[in-house]
Amino acid sequence: VGDPENTIKLYNELKVDELVLCQIGSTTPTESRSFLMGLSKQAFMPVCYAGNINNFRDIDEVFSMGFDKIRFTSALFSNTALIEYAVKYYGRQAVVLGLDLVSRHLRTGLWARIRDSKKVKFTNFDKLLSFAISVNPSEILIRAVDAEGSMSGVDANVVKICSEIDEDRSIIYSGGISQFKDVIDLNNIGLAGVAIGAMAIFHGRKRGILVSYPSDAEMEKLRDGWRK
């Protein structure tokens, strides 16, 4: 929302721990190199890039721009060679795997949503999770698709699934976060982290634009919990 460079500057001032920059259009990182490099240079925190990674060159370009990590989502389903390449040449610490979980289909099993060639497909969540764990990435980000961007509270079904995954895995939850209490509650069940989106941009019922982040005191409370 708004000018991304100015938004990143605000997040610098707010001392954001880490930033995920998602390319939601069809442009590849190679095609938008100058723009993305400008954003990367503005950020004082680690930045993870996500979106339209189609080949090895795209991976090389992203890291050459100064990004610290790449998040792969559709590649889990369509092109695992990209993930293997990133792990081999840039290390596991530079790889984040994203799983988009659709909880409204829980009665018929766990289904992960994949965007492939502009089409939305669904595949077995357990199989994708098993592969993700075998890669042993720096983090596995599980996104509650039904709650994403709603600021209506976390998806209890997805949270339960996250909590049941081996605690040695770095699991990050995303979706529906509406208040700092949601973050505290997720911290208390032992997740490695929480990703917030709409809560850090919108404010109030009318969703006015207000870039924000938990205070230093709130973040220190969270870090104390994660260090235990």
Side-chain angles (χ1 to χ4, degrees), residues 1-76 78-79 81-100 115-118 137-141 143 148-149 151 170 172 174-175 177 183 192-203 207-216 219:
V1 177
D3 182 352
E5 285 197 17
N6 286 334
T7 300
I8 289 176
K9 289 178 182 178
L10 289 172
Y11 284 143
N12 286 335
E13 295 173 4
L14 292 168
K15 301 178 183 178
V16 168
D17 277 16
E18 189 167 337
L19 188 67
V20 179
L21 183 63
C22 300
Q23 173 65 270
I24 58 176
S26 59
T27 305
T28 68
T30 302
E31 294 168 336
S32 52
R33 177 180 175 82
S34 59
F35 173 69
L36 292 175
M37 184 174 288
L39 297 182
S40 175
K41 289 181 177 179
Q42 290 289 347
F44 296 160
M45 75 292 284
V47 183
C48 176
Y49 175 86
N52 298 325
I53 300 292
N54 299 317
N55 51 55
F56 298 154
R57 181 187 175 189
D58 287 338
I59 294 172
D60 294 335
E61 286 282 1
V62 168
F63 286 118
S64 72
M65 295 175 205
F67 288 92
D68 301 277
K69 301 177 183 179
I70 293 179
R71 189 186 79 196
F72 295 94
T73 302
S74 61
L76 278 164
S78 60
N79 194 349
L82 295 176
I83 300 170
E84 294 164 355
Y85 176 87
V87 168
K88 180 178 180 179
Y89 291 100
Y90 297 97
R92 299 181 191 279
Q93 81 288 341
V95 174
V96 177
L97 299 184
L99 299 176
D100 289 352
R115 287 191 177 275
D116 182 41
S117 301
K118 298 182 180 181
S138 61
E139 294 119 359
I140 298 175
L141 190 149
R143 194 163 65 119
E148 191 67 40
M151 295 178 64
S170 294
I172 298 175
S174 174
I177 305 293
V183 180
V194 177
I196 60 174
M199 177 184 148
I201 298 174
F202 300 115
H203 178 73
R207 296 169 74 92
I209 306 301
L210 179 63
V211 174
S212 62
Y213 194 68
S215 67
D216 288 346
M219 288 305 301

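Quick note: numbers below take in every heavy atom, side chains included, and nothing from hydrogens, waters or symmetry partners.
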Of all heavy-atom pairs between [X] and [Y], which one has the smallest distance, and what is that distance?
X	Y	answer
Gly98	Thr73	O-CG2, 3.4 Å
Ser170	Ala192	CA-CB, 3.7 Å
Glu148	Arg143	OE1-CG, 2.8 Å
Cys48	Phe67	C-CD2, 4.5 Å
Arg33	Ser64	NH1-OG, 3.0 Å
Gly51	Pro29	O-CD, 4.0 Å

Using 0.5 Å steps for rounding, measure from the [atom1] atom of [X] to the [atom2] atom of [Y].
X	Y	atom1	atom2	answer
Ile8	Met45	CD1	CE	7.0 Å
Phe202	Ser212	CZ	OG	11.0 Å
Leu76	Ile83	CG	CD1	4.0 Å
Glu139	Ile172	CD	CD1	4.0 Å
Asn55	Thr30	CG	OG1	6.0 Å
Ser174	Asp100	OG	CG	8.5 Å

So, do [X] and [Y] sit near enough that their side-chain heavy atoms are less than 4.5 Å apart?
X	Y	result
Asp58	Asn52	no
Val47	Glu18	no
Leu99	Leu97	no
Val96	Phe72	no
Leu21	Leu36	yes
Gln42	Pro4	no
Val211	Leu14	yes

Neighbour count above 12 (heavy atom, 6.0 Å) for Leu210 CG: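 Atom CG in Leu210 is packed in, count exceeds 12.
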More than 12 heavy atoms of other groups within 6.0 Å of Tyr89 OH: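 Atom OH in Tyr89 is not packed in, count stays at 12 or less.
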Glu5 vs Leu39, side chain to side chain contact (heavy atoms under 4.5 Å, CB included): CA-CA, chis, key distance, verdict: CA-CA 6 Å; Glu5 285 197 17; Leu39 297 182; 3.4 Å; yes
Tyr213 side-chain N/O to Asp17 backbone N/O, donor-acceptor pair under 3.5 Å: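 Yes; at least one donor-acceptor contact below 3.5 Å.
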Backbone of Met65 reached by a side-chain donor or acceptor of Ser40 within 3.5 Å: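 Yes.
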Side-chain ion pair, Glu61 and Arg57, N-O less than 4.0 Å: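 A salt bridge links Glu61 with Arg57.
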Asp60 and Tyr90 side chains, donor-acceptor separation under 3.5 Å: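 There is such a pair between these side chains.
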Test item: side-chain donor near acceptor, Asn79 and Tyr85, under 3.5 Å: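 On atom types as modelled, these side chains do not qualify, holding no pair under 3.5 Å.
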Worked check of side chain to side chain contact (heavy atoms under 4.5 Å, CB included) between Arg207 and Met151: CA-CA 10 Å; Arg207 296 169 74 92; Met151 295 178 64; 3.8 Å; yes
